[in-house]
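So the structure is just underneath, and the comments pick up after that.
The residues of the chain are indexed from 1 along the displayed sequence. Counting starts at 1 for both ligands and their atoms, following the listed order.
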Amino acid sequence: MGRVNDTKTALVTGANKGIGFAIAQGLGAIGFTVAVGARDDGRREEAVARLRAGGVDAFGVALDVTSDGSVAEAAAAIEETAGRLDVLVNNAGISGRADGGAQEPTTLDLDVVRTVLDTNVFGVVRVTNAMLPLLRRAASPRIVNMSSSMGSLALQPGPVLAAYAPSKSMLNGITTQYARQLADTHVIVNACCPGYVATDFTGFAAPRTPEQGAAIAIRLATLPDDGPRGGFFDDDGVVPW
Ligand code: NAP
């Protein structure tokens, strides 16, 4: 399927539900073609159908961020369909098991830590590095990493979660490293916090809607060329590290 060159394409990881789906909807509403990255075929196809029903130009991309092979195939699929990538939103994330003290430091289950890092941090690195050649072909490429204020060492909000919270601290650190390496390029990289959002992730027991959570990611995905780099933002501005 050929696509006109002036249509911008955005890949959102974990776009089948929650905040990722809302980011896909929001970017689609402002004219992006949206690549819906999701690991489950059925959930992905259903999300693509819902987006298309809402008028969004969406296509599905099989993507498990923990698999090198899946990520490489996703990059090949986007190259084939769109030829380049304008926006990458690294949204996919997990909290990890917390039963039986699995995320209390004194009884920390290191397998849980590995699993959470593999998705929340290594997954972002895998996807970003696979997509960078496609992003570099765009005029104003943007990368947005969905972090959390739980990763803020200054704020330390929420419960003790010694796999999840440090995974977002490391994601913030990695974000600054990317921004430093890409400082002389047109690729702008930032991290954001969506606030406390009603999704599966929070058992839908949180005050903000997925659309509210998506807003900061959409803003960072559409920054002007002189926009901030290597920062951590929410709706209210800069989030302390
Ligand atoms: P959610 O409803 O649980 O959605 C998470 C998404 O990530 C799902 O699409 C899920 O796919 C996907 N995912 C998980 N592991 C994946 C993998 N290995 N490969 C590909 N996709 C994968 O959670 P959410 O609340 O929307 O969270 C989205 C992001 O926001 C996460 O990074 C989270 O840490 C962050 N965040 C959320 C909140 C909040 O209050 N909700 C607050 C701060 C930060 P499946 O459906 O296949 O599992």
Residue by residue, ordered by chain and number, which ones reach under 4.0 Å of ligand 1 with a heavy atom?
Gly14, Asn16, Lys17, Gly18, Ile19, Arg39, Arg43, Leu63, Asp64, Val65, Thr66, Asn91, Ala92, Gly93, Ile94, Thr119, Met146, Ser147, Ser148, Tyr164, Lys168, Pro194, Gly195, Tyr196, Val197, Thr199, Asp200, Phe201, Thr202
Connected hydrophobic set around Val116, excluding itself, where side chains approach under 4.5 Å
Ile94, Val112
Tell me whether Gln181 at atom CD has more than 12 heavy atoms from other residues, nucleotides or ligands lying less than 6.0 Å away.
no
State whether the number of non-hydrogen atoms from other residues, nucleotides or ligands found under 6.0 Å of Arg97 atom CZ is greater than 12.
yes
Apart from Val56 itself, members of its ILVMFWY cluster (side-chain separation under 4.5 Å) are Val12, Ile19, Phe21, Ile23, Leu27, Ile30, Phe32, Val34, Val36, Val48, Leu51, Val87, Val89, Val144, Met146, Ile188, Val197, Ile216, Ile218, Leu220, Leu223, Phe233, Val238
Consider only side-chain heavy atoms of I, L, V, M, F, W and Y, link residues closer than 4.5 Å, and tell whether Leu161 and Val121 are in one cluster.
no
Among Ile, Leu, Val, Met, Phe, Trp and Tyr joined by side-chain contacts under 4.5 Å, find the other residues sharing a cluster with Leu171 and list them by chain and number.
Val124
